[in-house]
There are 2 protein chains.
Amino acid sequence: MTPLSITQAQMTRDPDQPDDNRPTLAEVARIAGVSEITASRALRGGTHVARATLERVQTAARAINYMPNRLAGTLAGGASRQVAVVLPSLSNSVFSDVLHGLETRLEQAGHHPILGVSNYDPLREERLVSDLLSWRPAGLVLAPAVSTAETRRLLAGSGVPIVEIMDVDPAPIDTTVGLSQRAAGRAMAHYLLGRGYRRLAYAGHDISTDPRALSRLQGLQDGLAEAEVTLAATVLLPGPSSVPLGRDAVGQLLQDCPVGAGHDRLVVCFSNDDMAVGGMFHALSAGLDVPGDLALAGFNGLAIGQALPLPLTTIASRRVEIGELAGAALLARVAGKPVEKVQDVGFRLVIGATT
Amino acid sequence: MTPLSITQAQMTRDPDQPDDNRPTLAEVARIAGVSEITASRALRGGTHVARATLERVQTAARAINYMPNRLAGTLAGGASRQVAVVLPSLSNSVFSDVLHGLETRLEQAGHHPILGVSNYDPLREERLVSDLLSWRPAGLVLAPAVSTAETRRLLAGSGVPIVEIMDVDPAPIDTTVGLSQRAAGRAMAHYLLGRGYRRLAYAGHDISTDPRALSRLQGLQDGLAEAEVTLAATVLLPGPSSVPLGRDAVGQLLQDCPVGAGHDRLVVCFSNDDMAVGGMFHALSAGLDVPGDLALAGFNGLAIGQALPLPLTTIASRRVEIGELAGAALLARVAGKPVEKVQDVGFRLVIGATT
DNA sequence: CTGTTAGCGCGTTCAC
DNA sequence: GTGAACGCGCTAACAG
């Protein structure tokens, strides 16, 4: 042990920090007998470094369990490998599917999502966007709620690639991946009209905060209007979509729209498949014939709808794929490659036994 | 426009970076006419700052749309407000429920999860833990796959609070929140024995990579052994749990275990509710009486199981609550408060119509 | 209450 | 192929 002068001791470590003595690049460099920057180069690509020194550095790093500090690396100019992800909900499997696809694609490139969930609250979304951007991510993926002007300002001024997902109809700030929610609603209208239904109702959750559910409803109405049909009734219940909410909604609906013998057959369109499952429960409890007395149509193609004894008629969205494509688009943008501003993955009408 | 000397130009900004000219704390301070540290204090708590200067700084910050750089803040000594979260899956709603609860609790404290999904791959989990720790998070939440020794070394040596979730039986590295998977399996055994079942089978997904499903199976066998009963048959199919996999598993199972007239009634226990739903489908297609010929028992209490015409007998886990408690435990640890090493939230036997 | 000094750990300049 | 100097943006210590 050679004694250290006070100056050296001060420069190498702070005696007040007994806990946080994680090895730094400087120590790796010292052990390997090279400069910090050479160690840095060796531990990353290994380019512009002699094979011998590369191995010395790697050995030294392993010997002291060196773990790079990406905060410092990113601050010093390296590209961030974090991607901000803001979703409106996780209680609906729609967004966990998207997140699943997104995370898979990001991880392949060594990127990681920082997650925020807005619960469809515009102010919370705004705060999340602000918070997550302050981590200086490489980009941001957003399934927007009803965004505030301030949110859009933050996004536009962030200087990083933005990928909006789920609905390709609104003009994108930067890039968007999804489907046309409005066209999906219209497709359901066309299908139901083609099946001969003329008496339609709508049962939804609180769609005032869910712009995509609202677009689907509008698309449905558009499609009906083309045949000069209007919704016989609409019930909107507060709260997020769920099985019990759908059951309650149908219960209310049937008070205004009697069904059964002596009435035209009624088809209820739901804002989401879980709502439709609830509707099915109500029909079972009330002894209604599905689809004879009451027909049901959902949206999203969730597993729960297909698990029913009568598989649900619905429109399937390609959620995992949307996540994967959003990740790919973001990574391409980060790499400076050109990306289509709008990627429409489409949707698929699933004709079940409930219509 | 006053001409700048070369020295000034070099000190204030780099002409090679036209894009990234986000305002810094230094600019806020300059506009407000204070030092950087005063501006820093004002923009955080506002403590030890005169009310007048506080307002000047805040006004200046808003005027130039200042957004703090948390990378720099954290590197300089501030506590990180990121929490690493490593989950084995997102395709099963079990973990999106947990993530939902966790994110909610973290966000309340201004913390954000950085997410990694291992797909039950030990090596991928190891890489994720390493990657996420290199962001120097305030802590780490982990629903472990079959962890490698290297993973445990990384965790133990990380110096940050670790919360393991889902199963309270393994000895925690630091802290754990969940339920006893083994006790849950045993509880199901006791219930089924109490109902008079003596002929039991097991249908599972690839539980070799899913330690919790394996523990439940062991608990089930433990409970049966107490009554000197053993499983009549076991089918394990590769891949993650899903509805189709459950259907296939029951199909195979019934080749060895005939049911119906002339046979003792059989109850099949599944590794997860979605598998059990698949089993129900097989029963429906084969025209079997449930639970007369074939009884079914799931695990986890997922919505899909309760959405069946016959609600599924299962054991409900409190997933959202586990996430919330894990977040609370982590935040408490970060704040230096004492935390129970093991938090058992228990489980609930749900007696449906399938047994 | 405010400012000065001194870094956090790393990567991007340039040189050699 | 390697290194020196510098700065990323911010905050913890002290000083006053």
Side-chain angles (χ1 to χ4, degrees), chain A residues 7 9-17 19-30 32-57 61 64 66-81 133-136, chain B residues 7 9-17 19-30 32-57 61 64 66-81 133-136:
Chain A
T7 311
Q10 284 174 333
M11 288 176 63
T12 49
R13 57 200 177 82
D14 182 0
D16 295 333
Q17 298 177 0
D19 266 56
D20 194 0
N21 47 354
R22 323 217 46 202
T24 70
L25 186 62
E27 295 169 44
V28 175
R30 190 174 49 71
V34 296
S35 71
E36 285 188 46
I37 182 58
T38 299
S40 173
R41 283 196 271 249
L43 291 175
R44 288 176 291 162
T47 48
H48 298 280
V49 175
R51 181 171 295 280
T53 57
L54 188 134
E55 283 168 9
R56 283 222 316 288
V57 170
I64 62 176
Y66 171 69
M67 173 181 288
N69 183 334
R70 289 195 195 281
L71 295 178
T74 305
L75 182 62
S80 172
R81 290 180 167 283
L133 284 177
S134 72
W135 288 104
R136 296 293 188 271
Chain B
T7 310
Q10 285 176 333
M11 287 176 67
T12 49
R13 55 202 180 80
D14 182 0
D16 294 334
Q17 298 178 2
D19 266 54
D20 194 359
N21 48 352
R22 326 224 33 208
T24 69
L25 185 61
E27 295 168 42
V28 175
R30 190 174 49 72
V34 296
S35 71
E36 285 187 48
I37 184 63
T38 300
S40 173
R41 285 194 270 248
L43 291 174
R44 287 177 293 164
T47 49
H48 299 281
V49 175
R51 180 171 296 280
T53 53
L54 188 133
E55 284 168 8
R56 283 222 315 290
V57 171
I64 61 176
Y66 171 70
M67 174 181 286
N69 182 333
R70 289 194 195 281
L71 294 178
T74 304
L75 182 63
S80 173
R81 290 179 167 283
L133 284 177
S134 72
W135 287 105
R136 297 294 189 267

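Each chain gets a letter, A, B and so on, in the order its sequence line appears, and its residues count up from 1.
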* Asked: In Å, rounded to the nearest 0.5 Å, how long is the span from CZ of A/Arg56 to OG1 of A/Thr38?
  -> 9.5 Å
* To do: Specify the residues of residues 49-56 of chain B, ordered by number, for which at least one heavy atom lies under 4.0 angstrom from an atom of DNA chain D.
  => none
* Asked: From A/Arg136 CZ over to A/Thr74 OG1, what is the distance, rounded to the nearest 0.5 angstrom?
  -> 11.5 Å
* Atom CH2 of A/Trp135 and atom C1' of D/dG9: how far apart are they, to the nearest Å? -> 13 Å
* Would you give the length of the straight line joining atom CZ of B/Arg70 to atom CG of A/Leu71, rounded to the nearest 0.5 angstrom? => 12.5 Å
* At what distance, to the nearest 0.5 angstrom, does CD of A/Glu27 lie from CD1 of A/Ile64? -> 5.5 Å
* Structure fact -> Looking only at D/dC10, C/dG9, C/dC10, the nucleotide nearest the B/Leu75 side chain is C/dG9
* What integer distance in Å separates A/Arg30:CZ from C/dC10:C1'? -> 17 Å
* Positions of residues 33-43 of chain B (non-hydrogen atom under 4.0 Å from DNA chain C), listed by number -> B/Val34, B/Ser35, B/Ile37, B/Thr38, B/Arg41
* Rounding to a whole Å, what distance do you find between A/Arg136:CZ and C/dC10:P? -> 21 Å
* Would you kindly give the CG-to-C1' distance between A/Asn69 and D/dG9, to the nearest whole Å? => 14 Å
* Asked: What is the bend of the helix from C/dC1-D/dG16 to C/dC16-D/dG1 when you compare the axis at one end with the axis at the other, using five pairs each and rounding to 10°?
  -> 30°
* Between A/Val49 and A/Val34, does a side chain to side chain contact (heavy atoms under 4.5 Å, CB included) hold up when you go through it step by step? -> CA-CA 11 Å; A/Val49 175; A/Val34 296; over 6 Å; no
* Asked: Atom CZ of A/Arg70 and atom P of C/dC10: how far apart are they, to the nearest Å?
  -> 11 Å
* Compare side-chain N and O positions of A/Tyr66 against OP1 and OP2 of C/dC10 and report whether any pair is under 4.0 Å apart. => yes
* Report the distance from atom NE2 of A/His48 to atom P of C/dA15, rounded to the nearest whole Å. => 17 Å
* Asked: About how many Å separate OG1 of B/Thr24 and OH of B/Tyr66, when rounded to the nearest 0.5 Å?
  -> 7.0 Å
* To the nearest Å, give me how far apart CG (B/Leu25) and P (C/dC8) are. => 20 Å
* Whole-Å distance separating the CG atom of A/Leu71 from the C1' atom of C/dG11 -> 14 Å
* From CG (A/Leu75) to OG (A/Ser80), nearest 0.5 Å -> 11.0 Å
